[in-house]
Amino acid sequence: MREELEIGLCTRAAAKINLGLFVGPARADGMHELVSVMQSISLADELTLELAPAGSSQDVVVCPGVPGPAAHNLAARALSLFRGATGWDAPALRLSIDKRIPLAAGLAGGSTDAAGTLRLAAHASGLGEHTLLERLAGELGADVPAALTPGRWLAGGVGERLEPLPNPIGSLGLLVLPVAHELSTAAVYAHADSLQTVRSQRELEDKRRALVTVLSLGTPAPSSDLLTNDLQRAAVDLCPEIKKVLRQAADSGADEVLLSGSGPTVIGLFLRANPLARVARAIAGLPERVPEPIAAEAVGGEFGAVWRRGASQSIGI
Ligand code: ATP
């Protein structure tokens, strides 16, 4: 274990998009019931866990680009929660995060870093059964459990109830259009509440069944009516630029256009012939765009492998 930590252990923390997001009533604790397909994508942060420099007495998280004290980083909380739950007594560690996922963008960047940290700690320590990791992930946040094993998940409850769905057959090409505006998930839900557009339990159940029926066949994406995002109206109210970006995605040739999570990131889905080549063409057609558009595709469980620094990523260990 010590030798691996001297070399450094790495993993990728994949962003997620929501293929359909249906929001139900708020529970007593303010969290909303929902039904959504969480799809991991190849846009990812890269995490490295290694021994902290000699003389360090505490774990340290280095994550340029994320404001606030490092101890508040969700990845730092994941590491300390893991140590507390397992009694792992490794020497002080340094976790470095190469941040590529835009912040507060509806792509669950913090949640996936926390999940990646749990994978690294479990690998390095040899501790942490999968059921324990799932419990810790749930304590860290509603989007963390789905990020533990990248892939496609049907989320229910307040996001913590997960059913695996098969990976899409063939490529699912994605044009990711970040928006230079941060949206807080809590603010978007609060505004959605004020618009009083929540669905009944029965509607949520109908959507859940319809999504399972179509996606259990490995279909790349559900039909347009199931790609609805119930948070879109609230997100557009708070960030009107989203409307323009939705149009930009449609004009670039995407087969479907959607808002990811609570936004503001917009996603163009490329489903038909040569999706990845068409995404590349769409990006070439937006040379001046700021922030830059990003090409991505759907990824599965192997994307979350852990490897020794310097080893080929394809040799997951
Ligand atoms: P979600 O949909 O889970 O709310 P999001 O993509 O909208 O995710 P994040 O990128 O996770 O939002 O960031 C939300 C806030 O969390 C940030 O503004 C930041 O202050 C804080 N944060 C803590 N740790 C991280 C991290 N590792 N990466 C990004 N943000 C983090």
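Counting starts at 1 for both ligands and their atoms, following the listed order. Quick caveat, the model's predicted, so the values are computed rather than measured.
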Subject >> For atom 28 (N) of ligand 1, closest protein heavy-atom neighbour >> reply: Lys99 NZ, 2.9 Å
**OP:** Please determine if Glu205 and Arg202 form a salt bridge, counting it only when a charged side-chain N lies under 4.0 Å from a carboxylate O.
**Re:** no
Original post:
Closest non-hydrogen protein atom to atom 6 (O) of ligand 1, residue and atom name please, with distance?
Top reply: Ala108 N, 2.8 Å
**OP:** Return each pair, listed once, that meets side chain to side chain donor-acceptor pair (under 3.5 Å) where at least one residue sits in residues 235-248; pairs must be two or more places apart or across chains.
**Re:** His191-Asp237, Gln248-Arg289
Subject >> Nearest non-hydrogen partners of Val198 and Pro25, listed with the distance >> reply: CB-N, 4.1 Å
Original post:
Does any N/O atom on Glu182 come nearer than 3.5 Å to any N/O atom on ligand 1?
Top reply: no
Subject >> Which of the ligand 1 atoms, numbered from 1, are nearer than 4.0 Å to a heavy atom of Asp143 >> reply: 1 (P), 2 (O), 3 (O)
Subject >> Structural part of Thr185 in contact with ligand 1, heavy atom criterion under 4.0 angstrom >> reply: side chain
Original post:
Can a salt bridge be assigned to the pair Glu139 and Arg135 using a cut-off of 4.0 Å between side-chain N and carboxylate O?
Top reply: yes
**OP:** Give the residue, atom name and distance (to 0.1 Å) of the protein heavy atom nearest atom 15 (C) of ligand 1.
**Re:** Ala104 CB, 5.0 Å
Original post:
Closer than 4.0 angstrom: is that true for some heavy atom of Ala105 and an atom of ligand 1?
Top reply: yes
Original post:
Should Leu74 be counted as touching ligand 1, given the test is an N or O pair under 3.5 Å?
Top reply: yes
Original post:
How close does the nearest protein non-hydrogen atom get to atom 21 (C) of ligand 1, and which residue and atom is it?
Top reply: Val66 CG1, 4.7 Å
